[in-house]
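Working notes, beginning with the structure itself.
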Amino acid sequence: MNKDTYRSRNGGSWVNRVYGALRAQHGPQAWWPAEGRFEIMVGAILTQNTAWSNVEKAIANLKAAGMLDAGAILQAPDDELAQLIRPSGYFRIKARRLRKFCEWYTGLREYRNLRYWSTAKLRHALLGVYGVGPETADDILLYAFNRPVFVIDAYTRRIFARLGLIGGAEPYDEIRAEFERELGRQPGRMGEYHALIVQHGKLVCRPEPRCGACDLRAMCRFYKARRHSR
DNA sequence: ACCCAGGGTCATA
DNA sequence: TATGACCATGGG
């Protein structure tokens, strides 16, 4: 008995079945909400544990100041950068993170050559940058570089734990590996999937004790019941 | 006046 | 390996 019991009856693994349900409920998402590689990377750092609406204000400030550029960020005084991104929260520490990231990015001989790095090498390099953890690195890999990497965030843990498909407290890379194994290398689908998960987490799959009206409720019951009977 | 948000680092055991 | 403190603004 494994997670694919549903597959033989319905066609598609649990990963694809949940995807279909989310897509049916929320429609196409069209992520990442940004223009250009650098803006995506900046957004990935600024949105750490922060509502996107706050990040939008910070990015608008950077744009208006002509600072949506690695060189410009490195030239700006520390305090000026911090004040610009203030709406995104944790603004002092995030100013440092942006700076460290820009140091790494501009320090590369030719950062257009990142295109030719292997995904593993690029991921390792990103994780070596101060302020870039697994989720931020994977946001950048998937949305800025179109690499087949699945992003695991708090919503993913909550939704799939509630479905009974994961425990929820597993290490980041363990959950990521499971999704990537089930999905295969499909960056476009991975990006849309993560976007759907975020949308579902924001609007429907709220923290306990109460989840909202949810088209996945039947699936929740099915998987949880089967999980408990093992 | 709470709770929550598209995490990461660091110190400690 | 695994907890806990800390970082901070803005919306519900």
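Every chain is numbered from 1 and lettered A, B, ... according to where its sequence line falls, protein lines coming before strand lines. Hydrogens, waters and symmetry mates are skipped; everything else that's a heavy atom, side chains included, is used. No experiment lies behind these values; they were computed from the predicted model shown.
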key: Pairwise C1' distance for dG6(B) and dA2(C), with rounding to whole Å   =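 It works out to 24 Å between them.
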request  = In whole angstrom, give me the gap between the C1' atoms of dA1(B) and dG10(C).
outcome  =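 Between the two C1' atoms, the distance is 15 Å.
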Give the nucleotide from the list [options] with an atom nearest to the side chain of [X].
{"X": "Pro87(A)", "options": "dG10(C), dG8(B), dC4(B)", "answer": "dG10(C)"}
{"X": "Asp153(A)", "options": "dC4(B), dG8(B), dG6(B)", "answer": "dG6(B)"}
{"X": "Tyr130(A)", "options": "dC10(B), dG6(B), dG10(C)", "answer": "dC10(B)"}
{"X": "Arg92(A)", "options": "dA8(C), dG10(C), dC4(B)", "answer": "dA8(C)"}
{"X": "Arg97(A)", "options": "dG6(B), dG7(B), dA8(C)", "answer": "dG7(B)"}
{"X": "Ala154(A)", "options": "dG6(B), dG7(B), dT9(C)", "answer": "dG7(B)"}
{"X": "Thr136(A)", "options": "dT9(C), dG6(B), dG7(B)", "answer": "dG7(B)"}
{"X": "Arg206(A)", "options": "dG8(B), dC4(B), dT9(B)", "answer": "dC4(B)"}

ask   = Partner of dA1(B) by Watson-Crick or G-U wobble geometry, both contacts under 3.5 Å, or none?
value =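 Result: none.
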request  = Could you check Thr50(A) against Ser53(A) and say which one's nearest nucleotide on DNA chain C is further toward the 5' end?
outcome  =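 Comparing both residues, the 5'-ward one is Thr50(A).
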Which whole-number value in Å describes the distance from [X] [atom1] to [N] [atom2]?
{"X": "Ile93(A)", "N": "dA5(C)", "atom1": "CD1", "atom2": "P", "value": "17 Å"}
{"X": "Glu170(A)", "N": "dT1(C)", "atom1": "CD", "atom2": "C1'", "value": "15 Å"}
{"X": "Leu46(A)", "N": "dA8(C)", "atom1": "CG", "atom2": "P", "value": "13 Å"}
{"X": "Leu203(A)", "N": "dA5(B)", "atom1": "CG", "atom2": "P", "value": "12 Å"}
{"X": "Arg99(A)", "N": "dT9(B)", "atom1": "CZ", "atom2": "C1'", "value": "19 Å"}
{"X": "Gln29(A)", "N": "dG6(B)", "atom1": "CD", "atom2": "C1'", "value": "13 Å"}
{"X": "Asn49(A)", "N": "dC4(B)", "atom1": "CG", "atom2": "C1'", "value": "9 Å"}
{"X": "Lys57(A)", "N": "dT9(C)", "atom1": "NZ", "atom2": "P", "value": "13 Å"}

key: Output field: ring centroids Phe179(A)/Phe160(A) closer than 6.0 Å   =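 Ring centres of Phe160(A) and Phe179(A) closer than 6.0 Å.
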query = Does a side-chain N or O from Thr47(A) land closer than 4.0 Å to OP1 or OP2 of dG7(B), or not?
reply =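 No, no such contact exists.
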query = Parallel, tilted or perpendicular: which describes the rings of Trp104(A) and Phe101(A), with under 30° parallel and over 60° perpendicular?
reply =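 Trp104(A) vs Phe101(A) ring planes: tilted.
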ask   = Parallel, tilted or perpendicular for Tyr143(A) and Trp32(A), by the 30°/60° rule?
value =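 The arrangement is tilted - the two ring planes meet at 30° to 60°.
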request  = State whether the side chain of Arg92(A) and the backbone N or O of Asp78(A) hold a donor-acceptor pair below 3.5 Å, judged by distance alone.
outcome  =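 No, because the side chain of Arg92(A) does not come within donor-acceptor range (under 3.5 Å) of the backbone of Asp78(A).
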inquiry  = Using modelled atom types and a 3.5 Å cut-off, is there a donor and acceptor pairing between side-chain atoms of Lys57(A) and backbone atoms of Pro87(A)?
reply    =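 No; zero donor-acceptor contacts below 3.5 Å.
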